[in-house]
Amino acid sequence: MSKGNTTKMTDELYAYMLAHNPPLDAHQRGLMETTDAKFPDVAGMQSAEEQGPLLAFLVRLTGARHIVEVGTFTGFSALSMAQALPADGTLIACDISEEWTAYGRAAWEAAGVADRIDLRIAPALETLRAMPAEPHIDMAYLDADKESQIAYWEELVPRMRQGGLIVTDNTLFHGSVLDPDPRPSAAGVQAFNDHVVADGRMESVLLGISDGLTLSRKR
């Protein structure tokens, strides 16, 4: 099977790509750097630098006004999406850590978008199930514990408006989606990817962006 016109991403090429994307502002850059410094052992949970401008682009492209994020960590992705929302837009951010999200709260406040972000500290399934059941979500970003992703998906899909977009991160999971005997997180991603591709309610594409990014549109 041909890989097509695949380009190997070297450090130099990655820097070139970032230089030709919208630059991070001081609040985004500061939050990324703070996360790397404060949480070096888990900083890889932060969305990649190029994903901030991409998420903002998708918010504007879809005209989203109501966003749900499952998995906020220190808040870089929420900040990027909230900055692209209209002034009366809302982003419900689901996480279970007061410690990690405290850094997000500070950055959102400094960036002037804290009033657009509704942070809910609770298990995400509880937060999702408490939302109105009818379709009302314009866009969702799914980047949380991989074993629960199908459950999150099943709560989100009925609540997405027609044409609404779910963006799921880490769908290649460092290549471990190919492991014949995967660890639980990788097994969760494998099962999720199979679930998504078979879901006739959505049309989806899996892209080789960062650690794998799946875009799914509600039919």
Side-chain angles (χ1 to χ4, degrees), residues 1 3-22 24 28-29 31-36 38-59 67-81 93-97 100 104 124 139-153 156 165-197 199 202 204-217:
M1 180 183 296
K3 292 190 295 183
N5 190 22
T6 301
T7 301
K8 182 178 179 180
M9 185 59 73
T10 63
D11 289 345
E12 293 78 13
L13 192 57
Y14 184 68
Y16 178 89
M17 178 189 71
L18 294 180
H20 289 79
N21 273 333
L24 302 187
Q28 293 171 304
R29 177 67 62 194
L31 184 53
M32 291 201 76
E33 292 174 353
T34 297
T35 301
D36 289 339
K38 295 288 185 181
F39 305 107
D41 293 339
V42 292
M45 295 187 347
Q46 182 169 240
S47 295
E49 178 173 341
E50 66 270 22
Q51 288 175 267
L54 174 60
L55 289 169
F57 181 86
L58 292 172
V59 172
I67 300 173
V68 174
E69 176 179 73
V70 182
T72 295
F73 189 40
T74 56
F76 170 70
S77 52
L79 172 60
S80 300
M81 290 186 286
C94 307
D95 208 280
I96 56 172
S97 174
W100 291 341
M139 181 172 160
Y141 184 46
L142 182 50
D143 186 18
D145 59 298
K146 308 312 176 188
E147 297 93 328
S148 301
Q149 288 204 135
I150 292 176
Y152 299 142
W153 174 270
L156 285 167
L165 182 68
I166 300 178
V167 181
T168 308
D169 199 15
N170 306 118
T171 48
L172 293 178
F173 211 60
H174 317 295
S176 60
V177 289
L178 298 179
D179 290 353
D181 186 22
R183 294 183 177 183
S185 292
V189 176
Q190 288 178 344
F192 175 80
N193 289 341
D194 291 343
H195 187 81
V196 168
V197 78
D199 192 335
M202 308 288 286
S204 300
V205 292
L206 197 166
L207 304 172
I209 296 171
S210 188
D211 189 31
L213 199 69
T214 296
L215 306 183
S216 307
R217 177 181 177 272

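For reference, positions follow the sequence shown, starting with 1.
- Checking side-chain atoms of T10 against main-chain N and O of L13 turns up a donor-acceptor pair under 3.5 Å.
- Paired with T214 under the rule side chain to side chain donor-acceptor pair (under 3.5 Å), one option of T168, T171, N193 passes, and it is T171.
- Rounded to the nearest 0.5 Å, atoms OG1 (T35) and CD (Q46) are 4.0 Å apart.
- In the displayed structure, I96 atom CD1 is contacted under 6.0 Å by at most 12 heavy atoms of other residues, nucleotides or ligands.
- Here CE of M81 is found 5.5 Å from CE of M139. Values are rounded to the nearest 0.5 Å.
- Between the side chain of D211 and the backbone N or O of H174 there is at least one donor-acceptor pair closer than 3.5 Å.
- Closest non-hydrogen pair, A43 versus D36, comes out as CB-OD1, 3.5 Å.
- Of all heavy-atom pairs spanning I166 and M202, the tightest one is CD1-CE, 3.8 Å.
- Contact record, S210 with E50: CB-OE2, 3.7 Å, taken as the closest heavy-atom pair.
- C94 and V68 make their closest contact through SG-CG1, 4.4 Å (heavy atoms, listed as atom of the first residue, atom of the second, distance).
- Residues V196 and S204 share a closest heavy-atom pair of CG1-OG, 3.3 Å.
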Next on the checklist: Quick one, L213 with L54, criterion side chain to side chain contact (heavy atoms under 4.5 Å, CB included). Give me CA distance, side-chain angles, the key distance, then yes/no.
Outcome noted: CA-CA 11 Å; L213 199 69; L54 174 60; 3.5 Å; yes
Next on the checklist: Using side chain to side chain contact (heavy atoms under 4.5 Å, CB included), reason through T34 and T74 one step at a time and then give a plain yes or no.
Outcome noted: CA-CA 9 Å; T34 297; T74 56; over 6 Å; no
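- The CD atom of E33 sits 11.5 Å away from the CZ atom of F76 when rounded to the nearest 0.5 Å.
- Using a 4.5 Å heavy-atom threshold, the side chains of T72 and W100 count as separate.
- Counting non-hydrogen atoms of neighbouring residues, nucleotides and ligands closer than 6.0 angstrom, the OH atom of Y14 exceeds 12 such neighbours.
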Please tabulate, for side-chain N and O atoms in residues 181-191, each donor-acceptor pair with protein atoms closer than 3.5 Å (sequence neighbours left out).
{"from": "Q190", "atom 1": "NE2", "to": "V177", "atom 2": "O", "distance (Å)": "2.7"}
{"from": "Q190", "atom 1": "NE2", "to": "D179", "atom 2": "O", "distance (Å)": "3.0"}

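- Side-chain contact between S216 and W153: present, with at least one pair of heavy atoms (C-beta onward) separated by less than 4.5 Å.
- Taking both residues in full, the closest heavy atoms of M32 and S47 are given as CE-O, 3.9 Å, listed atom of the first, atom of the second, then distance.
- With salt bridges taken as basic N to acidic carboxylate O contacts below 4.0 Å, none links D41 and K38.
- At least one side-chain heavy atom of E49 sits under 4.5 Å from a side-chain heavy atom of L24.
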Next on the checklist: Applying side chain to side chain contact (heavy atoms under 4.5 Å, CB included) to S77 and D143, what does each step give before you reach the verdict?
Outcome noted: CA-CA 10 Å; S77 52; D143 186 18; 5.5 Å; no
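- In this structure D169 satisfies the side chain to side chain donor-acceptor pair (under 3.5 Å) test together with Q51, Y141, sequence neighbours excluded.
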Next on the checklist: Before you tell me yes or no, could you show the steps for Q28 and L79 under side chain to side chain contact (heavy atoms under 4.5 Å, CB included), namely the whole-Å CA-CA distance, both residues' side-chain angles and the distance that decides it to 0.1 Å?
Outcome noted: CA-CA 7 Å; Q28 293 171 304; L79 172 60; 3.8 Å; yes
